[in-house]
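Below is one structure, written out as structure tokens; the observations come after it.
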Amino acid sequence: MGRSSARTRVLGHRGAPRAAPENTLASFAAAREQGADGVELDVHRTADGVLVVHHDADAPGVGVLAEQPYARVHELLPGVPTLEAALDACRGLLVNIEIKNSPGDADFDPDERAAYDVVALYGARDEADDVIVSSFHLPTIDCVRALHAEIPTGYLTVVHPPALDAIELAAQHEHNAWHPLCGVLAGDDAASLVNAAHHSGLELNTWTVDDPAMAARLSDLGVDAVITNTPAEIIAALRS
């Protein structure tokens, strides 16, 4: 996924969650219908190694996903899709796969099995999907990069590490993008941060941008993609 200066792409945050429940096939379909360039989704691994799309490590009525076999997850929460089903539904769109694996998470796995499984699934699908794999946990995307250097990877951050340190880390570890919380770009230094990221060879894809005026400002600054809960509204703002 190369950086394009032509326009700022719009990715649906967990699909289009104002139109359908987040991280569901219906939500991804709604994002497509609203004209999104792609979607962002969250991935966990079940006890038997199935990658499922869900934001939290715990699922209502199920418990920690990593402690349950997929059959039980599917029985109790049939709306939770597998990553494979989500990729099928998003064919032709960019899919930002966020691997949830931070220390302190109920399903934290220092062995990075979800990263291995994401790479294996990508290969099993003939590398036909347009993806970028992101995580707050730098070792997770380091693992993806070590396994398959051609899969684009993005470093997710909030306020720690600080912005310039995050850019430096992402570049040093040879990742493709920096994914900061949009509030990081709310100050007067936003332009310099965008320039620093691009100068380091990184895309800058930011989340979660639901304010049309902010989306337009970020686009003017050269941000490569905005991730939003309201794809249609943000697309309309950028086109105007």
Side-chain angles (χ1 to χ4, degrees), residues 10-32 34 36 38-47 49-70 72-90 93-109 112-115 117-118 121 129 131-138 140-141 144 153-160 177 179-183 205-210 225-231 234:
V10 176
L11 307 185
H13 184 232
R14 309 173 197 167
R18 305 286 172 82
E22 66 176 39
N23 277 329
T24 62
L25 299 184
S27 191
F28 304 143
R32 185 194 293 275
Q34 291 183 24
V39 302
E40 178 270 353
L41 53 78
D42 308 288
V43 167
H44 293 272
R45 185 180 185 273
T46 65
V50 177
L51 296 167
V52 293
V53 179
H54 191 267
H55 183 265
D56 296 332
D58 290 272
V62 174
V64 179
L65 293 165
E67 298 174 356
Q68 303 295 332
Y70 172 68
R72 177 170 172 77
V73 175
H74 182 65
E75 176 187 1
L76 296 176
L77 291 175
V80 172
T82 64
L83 177 58
E84 185 167 18
L87 290 172
D88 286 342
C90 295
L93 300 177
L94 171 64
V95 181
N96 175 7
I97 301 170
E98 181 187 342
I99 299 177
K100 293 289 192 180
N101 193 42
S102 296
D105 289 350
D107 61 350
F108 175 62
D109 176 16
E112 303 291 355
R113 286 172 293 177
D117 291 344
V118 166
L121 178 61
D129 300 296
V131 302
I132 180 168
V133 179
S134 63
S135 183
F136 287 102
H137 190 47
L138 191 58
T140 298
I141 51 174
V144 171
T153 45
Y155 184 28
L156 271 159
T157 65
V158 184
V159 293
H160 298 292
H179 291 191
L181 178 69
C182 64
N205 307 319
T206 186
W207 53 280
T208 303
V209 185
D210 292 340
V226 294
I227 301 170
T228 178
N229 290 312
T230 57
I234 298 304

Which atoms form the tightest heavy-atom contact between Pro17 and Ser27, and what is the distance? N-OG, 3.7 Å

Apply side-chain contact (heavy atoms from CB on, under 4.5 Å) to the pair Val118 and Ile99, showing each step before the final yes or no. CA-CA 9 Å; Val118 166; Ile99 299 177; 3.9 Å; yes

Apply side-chain contact (heavy atoms from CB on, under 4.5 Å) to Thr157 and Phe136, showing your working. CA-CA 6 Å; Thr157 65; Phe136 287 102; 5.6 Å; no

Between Ala59 and Leu65, the two heavy atoms sitting closest are CB-CD2, 3.9 Å

Does Thr206 use its side chain to pair, donor to acceptor, with the backbone of Pro180 at less than 3.5 Å? yes

Closer than 3.5 angstrom, by distance alone: can the side chain of Ser134 be matched with the main-chain N or O of Gly154 as a donor-acceptor pair? no

His13 and Asn229: side chain donor to acceptor below 3.5 Å: yes

Quick check: does any side chain N or O of Ser102 sit under 3.5 Å from a backbone N or O of Asp105, one acting as donor and the other as acceptor? no

Worked check of side-chain contact (heavy atoms from CB on, under 4.5 Å) between Phe28 and Val53: CA-CA 11 Å; Phe28 304 143; Val53 179; 4.0 Å; yes

Nearest heavy atoms of Ser135 and Ile141, plus distance in Å: N-CG2, 3.7 Å

Mind listing the closest non-hydrogen atom pair of Gln34 and Pro231 along with its distance? OE1-CD, 3.3 Å

Charged N to carboxylate O below 4.0 Å: is that the case for Arg45 and Asp109? no

So which heavy atom on Ala31 is nearest to which on Ala16, and how close? N-CB, 3.7 Å

What are the two closest heavy atoms between Asn23 and Glu40, and how far apart are they? OD1-O, 4.3 Å

Spatial distance of atom NE2 (His74) from atom OG1 (Thr82) [nearest 0.5 Å]: 9.5 Å

Rounded to the nearest 0.5 Å, the CG atom of Leu41 sits from the NE2 atom of His54 at a distance of 13.0 Å

Run Arg18 and Asp210 through side-chain contact (heavy atoms from CB on, under 4.5 Å) and show every step you take. CA-CA 11 Å; Arg18 305 286 172 82; Asp210 292 340; 3.4 Å; yes

Rounded to the nearest 0.5 Å, the CH2 atom of Trp207 sits from the CG atom of Asn96 at a distance of 11.0 Å

Nearest 0.5 Å, please: how far is CG in Asp129 from CG in Leu87? 4.5 Å

Main-chain N/O of Val209 paired with Thr228 side-chain donor or acceptor, under 3.5 Å: yes

Gap separating the CG atom of Asp58 from the NE2 atom of His44, nearest 0.5 angstrom: 9.0 Å

Got a second to check how far Arg14's CZ is from Thr208's OG1, nearest 0.5 Å? 7.0 Å

